[in-house]
Amino acid sequence: MKEVNSIRIDPAIKRLLSYVTSEEKVEREYKKYNCLPNRKLFIAEVYGKIVSCIGVEFHNFKKGVIKHIAVLPEERGSGIGSSMIRFICSEYKLKSLLAETDKDAVLFYSNLGFQITSLGEKYPGVERFLCELKTNTLT
C-alpha cells in the first residue's frame, strides 16, 4: 500500500475512481484527498501496476469512513480489497470503520465482519446500506 500525494491524477487512479463515483466527480473527489488533511488515498500495486485504491476520511484518529474503494475487475476476488481495509485499520489503529454502499457490495463488507444496516432508498429505486466494523471483530 502506498499513499498518493500527487496533485496530478494518474490515469489508472482516475479509472479506479470512475468505478465508484460518477465520471464528473472523479477530479473533484481526487482533489479532496490533496486538500483535506483528514482524507487520505492509498493505492495497491501488483507488478508495478496500480490495481486498487482506497480513500478514507479520518475522524479523531479512532474512526474512519471509507469514501472510495475500488479494485480492477480482473483483480476482484483476490483479497486486495480486504487487505486494504486491514491495512487502514492496523496502520491508523482505528476503533471503527464505516462505509456506505449499495446492495452489490454488502456481501463484501459482511464477509469482513461489518454490521450492515439498511438506510432505505436514499435515491429513487436505490437502497443504500451503512456498514460498520468494530476493528476488534476484523476477520
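- Counting heavy atoms from C-beta on, the side chains of Y109 and L107 never come closer than 4.5 Å.
- In this structure, CG in L130 is found 5.5 Å from CG in L119, a value given to the nearest 0.5 Å.
- S52 is not listed as a side-chain neighbour of L72, based on a closest heavy-atom distance of 4.5 Å or more.
- Using a 4.5 Å heavy-atom threshold, the side chains of K95 and K134 count as separate.
- Taking the centre and axis of the six-membered ring of Y19, the NZ or CZ atom of R76 falls inside the cone set by 45° and 6.0 Å.
- Rounding to the nearest 0.5 angstrom, the gap separating the CZ atom in R28 from the OG atom in S22 is 7.0 Å.
- In summary, the side chains of E132 and T117 do not present any donor paired with an acceptor at a separation below 3.5 Å, with no hydrogens or angles considered.
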Q: Assess whether side-chain contact (heavy atoms from CB on, under 4.5 Å) is satisfied between F42 and I88, documenting all intermediate values.
A: CA-CA 9 Å; F42 299 88; I88 294 298; 3.5 Å; yes

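- For K31, the salt bridge (Lys or Arg N to Asp or Glu O under 4.0 Å) criterion is met by no residue, not counting sequence neighbours.
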(Q) For a side-chain contact (heavy atoms from CB on, under 4.5 Å) check, start with the C-alpha distance between Y30 and L41, then their side-chain angles and the critical distance, and finish with the verdict. (A) CA-CA 8 Å; Y30 184 80; L41 182 66; 3.7 Å; yes

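- The main-chain N or O of G79 is found under 3.5 Å from a side-chain atom of S83 such that the two form a donor-acceptor pair.
- Enclosure of atom CD in E45 by more than 12 non-hydrogen atoms of other residues, nucleotides or ligands within 6.0 angstrom is indicated.
- The shortest side-chain heavy-atom distance between V46 and I80 falls under the 4.5 Å cut-off.
- Remark: R15 does not engage E23 in a salt bridge, criterion side-chain N to carboxylate O under 4.0 Å.
- The shortest non-hydrogen separation linking M84 to C53 is CE-O, 3.5 Å.
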Q: Apply salt bridge (Lys or Arg N to Asp or Glu O under 4.0 Å) to the pair K122 and E100, showing each step before the final yes or no.
A: CA-CA 11 Å; K122 278 186 91 173; E100 184 182 313; 3.0 Å; yes

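- Hydrophobic clustering (side-chain heavy atoms under 4.5 Å, transitive across Ile, Leu, Val, Met, Phe, Trp, Tyr) groups I69 together with I116.
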Q.
Please evaluate residues D104 and V106 with respect to the criterion side-chain contact (heavy atoms from CB on, under 4.5 Å), reporting the C-alpha separation (whole Å), side-chain torsions for both, the decisive distance (0.1 Å), and the verdict.
A. CA-CA 6 Å; D104 294 337; V106 165; over 6 Å; no

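- Between Y92 and F58, the ring-plane angle classifies as tilted under the 30° and 60° cut-offs.
- Annotation: side chain of M1 is in contact with side chain of I54 (closest heavy-atom distance under 4.5 Å).
- Taking all atoms of both residues into account, the shortest heavy-atom contact from T101 to C131 is CG2-SG, 3.7 Å.
- Contacts of F108 classified as ring-ring contact (aromatic ring centres under 6.0 Å, His included), with partners at least two apart in sequence or in another chain: none.
- The side-chain heavy atoms of I13 and Y33, taken from C-beta on, include no pair separated by under 4.5 Å.
- Note that CG of N38 is 5.0 Å distant from CD of E57, once rounded to the nearest 0.5 Å.
- Among pairs with a residue in residues 5-14, those fulfilling salt bridge (charged side-chain N to carboxylate O under 4.0 Å, His left out) read K14-E27, at least two apart in sequence or across chains.
- Ion pair E75/K49 not flagged as a salt bridge, since none of the NZ, NE, NH1 or NH2 atoms sits closer than 4.0 Å to an Asp/Glu carboxylate oxygen.
- Distance check, rounded to the nearest 0.5 Å: NZ of K103 to CD of E127 gives 8.5 Å.
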Q: Would you sort out whether L112 and R86 count as a side-chain contact (heavy atoms from CB on, under 4.5 Å), showing the intermediate values?
A: CA-CA 9 Å; L112 282 172; R86 283 187 187 91; 3.9 Å; yes

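- Not a single donor-acceptor pair under 3.5 Å links the side chain of S90 to the backbone N or O of F87.
- Pairing each heavy atom of I50 with each of A12, the nearest pair is CB-CB, 4.0 Å.
- Counting heavy atoms of neighbouring residues, nucleotides and ligands inside a 6.0 Å radius, atom NZ of K32 exceeds 12 of them.
- Atoms SG and CG, on C89 and L94 in that order, are 5.5 Å from each other to the nearest 0.5 Å.
- Between Q115 and L133, the closest side-chain pair of non-hydrogen atoms is not below 4.5 Å.
- Between V4 and N34 the shortest side-chain heavy-atom distance does not fall below 4.5 Å.
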